[in-house]
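Note that ligands are numbered from 1 as they come in the structure, with each ligand's atoms numbered from 1 the same way. Index from 1, following the sequence. Since this is a predicted model, take the numbers as computed values, not measurements.
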Amino acid sequence: MNSTDTIAGRGLEALRAAIAGQVFVPGQAGYDQARTAWNLAVDQRPAVVVDAGSAADVVQAVRFACANGMRIAPQGTGHGAGPLEPLHGAMLLRTTRMRKVRIDPAARTARAEAGAVWQDVTVPAGQHGLAALAGSSPDVGVTGYTLGGGLGWLDRRYGLAANSVTAAELVTPAGDLVRTDAGHEPDLFWAVRGGGGVGVVTALEMRLYPVGGLYAGSLFFPIQRAAEVLHAWRDWTLTVPDEVTSEGRLLWLPPLPQVPEPLRGRAFVMVEAACLGDADTGAEQISPLRRLGPEQDTFAMLPAPALGQLHMDPDQPMPFQGDGALLDDFPAAAIDALVAVADPDAGTVLTSVEVRHLGGALARPAPGGGAQPSIDANYLLVAVGISPTSDLAAAVRAQVQAVNDALTPWHVGYDYYNSAETPAPASAVLPAASYRRLQKIKAAYDPGQAIISAHPV
Ligand SMILES: Cc1cc2nc3c(=O)[nH]c(=O)nc-3n(C[C@H](O)[C@H](O)[C@H](O)COP(=O)(O)OP(=O)(O)OC[C@H]3O[C@@H](n4cnc5c(N)ncnc54)[C@H](O)[C@@H]3O)c2cc1C
């Protein structure tokens, strides 16, 4: 008997009949498409995929899984599929088609269904002069990103996206749909905000912020100037106000037609930054870096939704490997170590090595915040490479590891939840006190470990 027959024997037809969405099992048309994550390097082979159409579908799917002793992996886009454990015998519960978003301009809030991606929120919010705390990529999922903290271009001013969540609707591992906020199910509400959550989220509500002006862009320098530019950038980060969020980056662009001609097939050291405020203030803020004489300078006044293009993230699914590390500092010795290991003159299989400036509001505990109330690190290192073959995947992993290892002296005691792309327990991606509280909440609400989260508790 194959797994399809086994599950069919356990009421799969009843589940199909009960939900508006779709159900796929191995061997069935549509299964391969439904199981495919945005990160194409991850080959997910669950026993069943439920493509939920509504919160009611999620309830039915969770109850079906519980009744059949099946574990559940909630997933929106699959951008964060890298760290997931193998899904053999499990249900992949996708929320991809649950993308409704409601903006309340007067209350300055948004409600996004679990499958919404950031551009579903940033574009309509921008029409009211409001910004959401989105990340670098417009098609990363709001839910997965926020459950893991959420670092974006406005974070030094407004903090982690997770700490701007005002309510979460979720289906508990027991199959009950609940609304959680500061006054209702406070433990579940806390766990959703940066702890990966306990249960399957069906919608999030979050604060939006008025953005009067935004001066943002990139400075491109030949990669041979890596050391000089990174040293200057790091010194500059010590001087900027919370309104400025930036990163220093090494970028190797592929020789593909999608890459604009002046950049195609070339490697750069870059500074990317977003400055809240008017053009004169922004130009003044970045002037020390501009004086270094970049080869290209894209800084301009931008509407907030355009921040989704600043980092030039790929807009189509692709295979990649990556990892990150929180750094307490990024001093001269760390820069030299990074440049030595990501040698600009040597060939590399990496696509991007970036160091994001943290601090500001991220360093101050958010009042009533969640599982990541603040980030006790001043910089975040993230290294990634595209990996279309298994050989290349191994080479990228090795190089990512080498970059991480080179900066070990500056690692803080845990990694950033969202950038840990390889399997890691939640204890490795959360502050110790948060992990202890999360363990208790998980034991109370999900003693059987029904929910598979990105980083297991
Ligand atoms: C190109 C790219 C750019 C990125 N940029 C940033 C960035 O700027 N800032 C940043 O902080 N991170 C960034 N990330 C990391 C990203 O935030 C994580 O990969 C995140 O997990 C993606 O969320 P998702 O919903 O798109 O992914 P998914 O893979 O769908 O979800 C990731 C995990 O979130 C949980 N989850 C998702 N949906 C639900 C649900 N409905 N209920 C319960 N749990 C759920 C699950 O544990 C799931 O395994 C980036 C990643 C990529 C690939």
Exercise. Is it the side chain, the backbone, both or neither of Thr77 that has a heavy atom closer than 4.0 Å to ligand 1?
Worked result: both
Exercise. For atom 44 (N) of ligand 1, which candidate among Val200, Leu147, Val142 provides the closest heavy atom?
Worked result: Leu147
Seminar exercise, completed: Looking at Val140, Ile451, Val201, Val192, the heavy atom closest to atom 2 (C) of ligand 1 belongs to Val140
Exercise. Is there a heavy atom of Ala81 sitting under 4.0 angstrom from any atom of ligand 1?
Worked result: yes
Exercise. Just checking, any donor-acceptor pair under 3.5 angstrom between side chains of Arg157 and Thr245?
Worked result: no
Exercise. For ligand 1, which atoms have a heavy atom of Leu151 less than 4.0 angstrom away?
Worked result: 7 (C), 8 (O), 9 (N), 10 (C), 11 (O)
For this session: Please identify which atoms of ligand 1 are closer than 4.0 Å to at least one heavy atom of Tyr416.
Result: 10 (C), 11 (O)
Exercise. Is the shortest distance from a heavy atom of Gly152 to ligand 1 less than 4.0 Å?
Worked result: no
Exercise. Strictly under 4.0 Å, does any heavy atom of Gly150 approach an atom of ligand 1?
Worked result: yes
Exercise. What residue and atom, counting heavy atoms only, is the protein's closest point to atom 39 (C) of ligand 1, and at what distance?
Worked result: Thr143 CG2, 3.7 Å
Problem set entry | Contact check, Gly115 vs ligand 1, heavy-atom distance below 4.0 Å | no
Problem set entry | Winner among Trp118, Trp153, Tyr145 once heavy atoms are compared against atom 20 (C) of ligand 1 | Tyr145
For this session: Decide whether an N or O pair under 3.5 Å exists between Asn418 and ligand 1.
Result: yes
Exercise. Side chains of Glu185 and Tyr445: do they bring a donor and an acceptor to under 3.5 Å?
Worked result: yes
Problem set entry | Arg356 near ligand 1 by a heavy-atom separation under 4.0 Å | yes
Problem set entry | Thr351 vs Val396, side chain to side chain contact (heavy atoms under 4.5 Å, CB included): CA-CA, chis, key distance, verdict | CA-CA 9 Å; Thr351 310; Val396 172; over 6 Å; no
Exercise. Which of these, Gly135, Ala161, Ser136, Ala203, has its nearest heavy atom closest to atom 5 (N) of ligand 1?
Worked result: Ser136
Exercise. Any non-hydrogen atom of Gly78 lying under 4.0 Å from ligand 1?
Worked result: yes
Exercise. Using the benzene-type ring in the case of Trp, are the ring centres of Trp118 and Tyr145 under 6.0 Å apart?
Worked result: yes
For this session: Compute whether any side-chain donor of one residue and acceptor of the other, for Gln75 and Gln44, lie under 3.5 angstrom apart.
Result: yes
